[in-house]
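Note that this is a predicted model, so its numbers are computed, not measured. Chain letters run A, B, ... following the sequence lines, proteins first and then strands; every chain starts at 1.
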Amino acid sequence: MVDSVAGSVGNMERRASAGDRSARAKFAIVLLAVLLGVTVLLSLASGASDASALAVARDWLFPSMSDGSPLSERDRIIVYDIRLPRVVLGVLIGSALAVSGAVMQGLFRNPLADPGLVGVSAGAGLGAIVVIVLGGTMLGPLLAILDIYTLPLAAFAGGLATTLILYRVATRRGQTSIATMLLAGIALGAMAGAFSGIMVYLADDRQLRDLTFWGLGSLAGATWTKIAAAGPIIALALIASPFLARGLNALALGEAAAHHLGIPVQRFKNVAIVSVAAATGASVAVSGGIGFVGIVVPHLLRLLIGPDNRYLLPASALLGASMLLLADAISRIIVAPAELPIGIITAAVGGPFFLWILLRKRGLLDL
Amino acid sequence: MIEATDISVSIGSRRIISDVNFEVRPGEIAAIVGPNGSGKTTFLKALTGDLPYSGRVVINNRDMAGLKPWEAASMRAVLPQSTALSFPFTVHEIVKLGLMSGRSGALASEERNLPERALARVDLDGFAGRFYQELSGGEQQRVQLARVLCQVWAPVLDGKPRYLFLDEPVSSLDIKHQLIIMDIARDFALRGGGVVAILHDLNLTAMYADRIFVMHRGRLAAAGTPQEVLSDDLISQVFECGLKVGRLPAGNTPFVLPQSAAI
């Protein structure tokens, strides 16, 4: 698929002036949008039951033709209340993970930054676990006020704290050391893991069950309530991302050069950090830790359309959504009728991919 | 005009530069020279707003401290000593970043291919499609200069002069490209802009600078035209080695010959 895209894109490139990949990038974005559309339709149409998404769509579009049979009523429930929320959640989470990966890589000026790898997801996870375990007791009043938003907001807070600490530790005078960043990420991940362990120790049986389901990293159990809880936060972060593109491009030249180009660097970094933490936190809150999407998707796209964030960010959102839906489809099919947690699929693909990047660019760690 | 009064910079408790006075007028190249560690780059960073300083910097009658980053970006562009990238940008994409602030001041007819024109100026025709990371240090520096030129393509915008800050613009270049780059700076000044350049080559400085500011141990040791400033005693003392100044018959331009590492 990628090969054929690259092939047809190659023809476009010859018309543009040398080194200008914007036409190729726009063309790729259109193709990725089509790919996402196809993936969404396939995901809606396939599943363990034989429910026909086509029949449901026909009922919805042309109600007069509906035969009102119990079968179509059952199909309607399967498509609207089981498959559709799962697809919507997959699209939201996939784009959130890929875009926050791309933004974080731009912010830290290195292609190995990823919320999952450097402990941000673990920090967000800790925030969520604290709410799950202490929600019934100490944090009861908070839960009453924030309602369904408690979990995503707590995860957001955990992710934000981790990102801020990471940035402080790994960045000196505007230069981020990749080695320091990855090592600090290991330390932060370990700390979040330790506190999470304490929380698990404190949890009662019902909470343990909640934690286990949550921690598997899965789109299973997607409901409209979960979408209502995490969707607005993720949507906000996604809407903010195109406004970060110019600043991230300038930041590629270094903080001083970005400042000279007219970017208010400190304010810009704050906005970028908050939006990464928001997207990661909300994703982790509803689907647990799904790794590597944030590193695989932007990296593939940089090979295809280049690192210009004006195109990289929207393309990452589209491809991230498609890839997560595909991974979800695989997780449902591969051991049907049971399901694998989707995090296993993304890690199985993403782990080797990460090693491949390291092999190709060993020099990166010397930066 | 840029006018800097009593500029001092401290990092932590250490005074890096003290009470430097400086000015550059439109139409001029002002060179900052001095030995390693004399505070040249620190002073330039104060001028460009990258370091907190005490004193006052006024650019086109406006206090630098009160300018928004994008306002400053439309008045001046800054060429760093070197720039390493961690993403595979093409040369074209890097140069185009210079157009980000949106006020290059290019004529409508030249605006479309400004990156190509800027690359041609720095003698990098045909490099647009190459990857920046694969270029040599000298080529990378010229790509950055092309980007900076895009940012302030017109030396005068809305009747106000604009400024180029160049931090060792020729340090990694061969002699031909040193001359090409300095010619670009002179052309920018002749068309009404102002140039501030940190230079190491005293002969290049004598040839191109209208005014030289000599830094020594964080202070201004001398300021004036090349004829006024470049004398055996002064530069031998500042650079702490034996230097001899001669005069070219044509135009009385000074030149500097190294004599010995000791004074």
Pick one of side chain, backbone, both or neither for [X], based on which atoms fall under 4.5 Å of a heavy atom in chain A.
X	answer
B/Gln151	side chain
B/Arg147	side chain
B/Ile94	side chain
B/Glu71	neither
B/Phe131	side chain

Next on the checklist: Check this for me: B/Asn61, atom CG, are more than 12 non-hydrogen atoms of other residues, nucleotides or ligands nearer than 6.0 Å?
Outcome noted: no
Checklist entry - Counting only heavy atoms not in A/Arg267, do more than 12 fall under 6.0 Å of its CZ? => result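 No, the 6.0 Å shell around CZ holds no more than 12 heavy atoms from other groups.
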Checklist entry - Going from CZ on B/Phe87 to CG on A/Leu251, what distance comes out if it is rounded to the nearest 0.5 angstrom? => result 9.5 Å
Checklist entry - Does some side-chain heavy atom of B/Ser86 sit less than 4.5 Å from a side-chain heavy atom of A/Gln105? => result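 Sidechains of B/Ser86 and A/Gln105: no contact.
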Checklist entry - Any side-chain heavy atom of B/Asp50 within less than 4.5 Å of one from A/His260? => result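 SC-SC contact between B/Asp50 and A/His260 confirmed.
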Closest approach of [X] and [Y], non-hydrogen atoms and distance?
X	Y	answer
B/Ala128	A/Ala18	CB-O, 3.4 Å
B/Gly98	A/Leu261	CA-CD2, 4.1 Å
A/Pro307	B/Glu93	CD-OE1, 4.1 Å
A/Arg246	B/Met100	NH1-O, 2.8 Å

Checklist entry - Among A/Val265, A/Asn249, A/Leu303, A/Asp308, which has the most heavy-atom pairs under 4.5 Å with chain B? => result A/Asn249
Next on the checklist: For B/Phe89, is there any backbone N or O sitting under 3.5 Å from a side-chain donor or acceptor partner on A/Arg21?
Outcome noted: no
Checklist entry - Would you say the side-chain atoms of B/Thr83 pair up with the backbone N or O of A/Leu253, donor to acceptor, closer than 3.5 Å? => result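 No, because the side chain of B/Thr83 does not come within donor-acceptor range (under 3.5 Å) of the backbone of A/Leu253.
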